Amino acid sequence: MAVSEPIMLSLERFGEICADPAPLIYRRLFAQHPEFEDLFAMDTDGGVRGSMLTTCFDCIIGLTEGSRLPRFELQSARLSHQGYGVPESQLDDMFTAIRDTCREAL
Ligand code: HEM
């Protein structure tokens, strides 16, 4: 079995059992980093959080499929997010929150 297969199977299964993972994932992220919640104060309808999460899943799937594009996307996010007040070293905590939410649900 290729390394990518368990990741894709896990994401498929996660999608089946959890129609809207955004609240769970952001709750976990904000529990670990309460200071990040205020950064989304203007995101009253959750659109930015939803779009950001979609980008994160696209990065995971893209890397799993061997695409190089997510590497550039992540490099760009590391820079742009410094402007939002997110230190480069903490950007990956979003992926930790996604991983742990998937793991708990599965
Ligand atoms: C702890 C981790 C992260 C925090 C706290 C965070 C925070 C934010 C905030 C506050 C915004 C809204 C900025 C604004 O318009 O005022 C944003 C937007 C965005 N973030 Fe993140 N981010 C994190 C990780 C990531 C990661 C890993 C990615 C993946 C590439 C990412 C991709 C994006 C994208 C694409 C947007 C624009 C969404 C849109 O408006 O359509 N973020 N992020």
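One-based numbering, in listed order, for ligands and for the atoms of each. Values in this document were obtained by computation on a predicted structure and should not be read as measured data.
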**Q** Is there a protein heavy atom at a distance of less than 4.0 Å from atom 15 (O) of ligand 1?
**A**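 No, because not a single protein heavy atom sits under 4.0 Å from atom 15 (O) of ligand 1.
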**Q** Which residue and non-hydrogen atom of the protein lie closest to atom 27 (C) of ligand 1, and at what distance in Å?
**A**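 I find the closest protein heavy atom is Phe95 CE1, 3.5 Å.
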**Q** Taking side chain as C-beta onward, heavy atoms only, is Leu24 less than 4.5 Å from Cys18?
**A** yes
**Q** Knowing that exactly one of Leu9, Leu11, Ile17 qualifies, which makes a side chain to side chain contact (heavy atoms under 4.5 Å, CB included) with Arg13?
**A** Ile17
**Q** Does some non-hydrogen atom of the protein lie less than 4.0 angstrom from atom 42 (N) of ligand 1?
**A**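 Yes.
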**Q** Would you please test Met8 and Glu65 for side-chain contact (heavy atoms from CB on, under 4.5 Å) and show each step?
**A** CA-CA 9 Å; Met8 294 306 286; Glu65 290 173 340; 4.3 Å; yes
**Q** Could you find the nearest protein heavy atom to atom 39 (C) of ligand 1 and give me its residue, atom name and distance?
**A** Ser51 OG, 3.5 Å
**Q** Can you label the angle between the Phe40 ring and the Tyr26 ring as parallel, tilted or perpendicular, going by 30° and 60°?
**A** perpendicular
**Q** To the nearest 0.5 Å, how far apart are CD1 in Ile60 and OG1 in Thr55?
**A** 11.0 Å
**Q** Verify, without hydrogens or angle tests, whether Arg78 (side chain) and Leu91 (backbone) share a donor-acceptor contact under 3.5 angstrom.
**A** no
**Q** Counting distance only, does the side-chain N/O of Ser67 pair as donor-acceptor with the main-chain N or O of Leu63 below 3.5 Å?
**A**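 A pair under 3.5 Å: no.
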**Q** Under 4.0 Å from a heavy atom of Gln90: give me the atoms of ligand 1 that qualify, with their elements.
**A**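 Close to Gln90: 1 (C), 2 (C).
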**Q** Is there a protein heavy atom less than 4.0 Å away from atom 37 (C) of ligand 1?
**A**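 There is no protein heavy atom less than 4.0 Å from atom 37 (C) of ligand 1.
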**Q** Return the closest protein heavy atom for atom 12 (C) of ligand 1 as residue, atom name and distance.
**A** Val48 CG1, 3.6 Å
**Q** Return yes if some donor-acceptor pair links the side-chain N/O of Asp92 with the main-chain N/O of Thr96 below 3.5 Å, else return no.
**A** no
**Q** Hey, quick one: are Tyr84 and Leu53 part of the same hydrophobic cluster, counting side-chain heavy atoms closer than 4.5 Å, chains of contacts allowed?
**A** yes
**Q** For atom 21 (Fe) of ligand 1, how many protein N, O or S atoms lie at less than 2.8 Å?
**A** 2
**Q** Suppose we measure from atom 8 (C) of ligand 1 to each protein heavy atom; which comes out shortest, and what is that distance?
**A**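 The answer is Phe40 CZ, 3.4 Å.
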**Q** Taking ring pair (Phe, Tyr, Trp, His ring centres under 6.0 Å) as the test, write out the residues that go with Phe95, two or more places apart.
**A**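 Once residues adjacent in sequence are excluded, Phe95 has no partner under the ring pair (Phe, Tyr, Trp, His ring centres under 6.0 Å) criterion.
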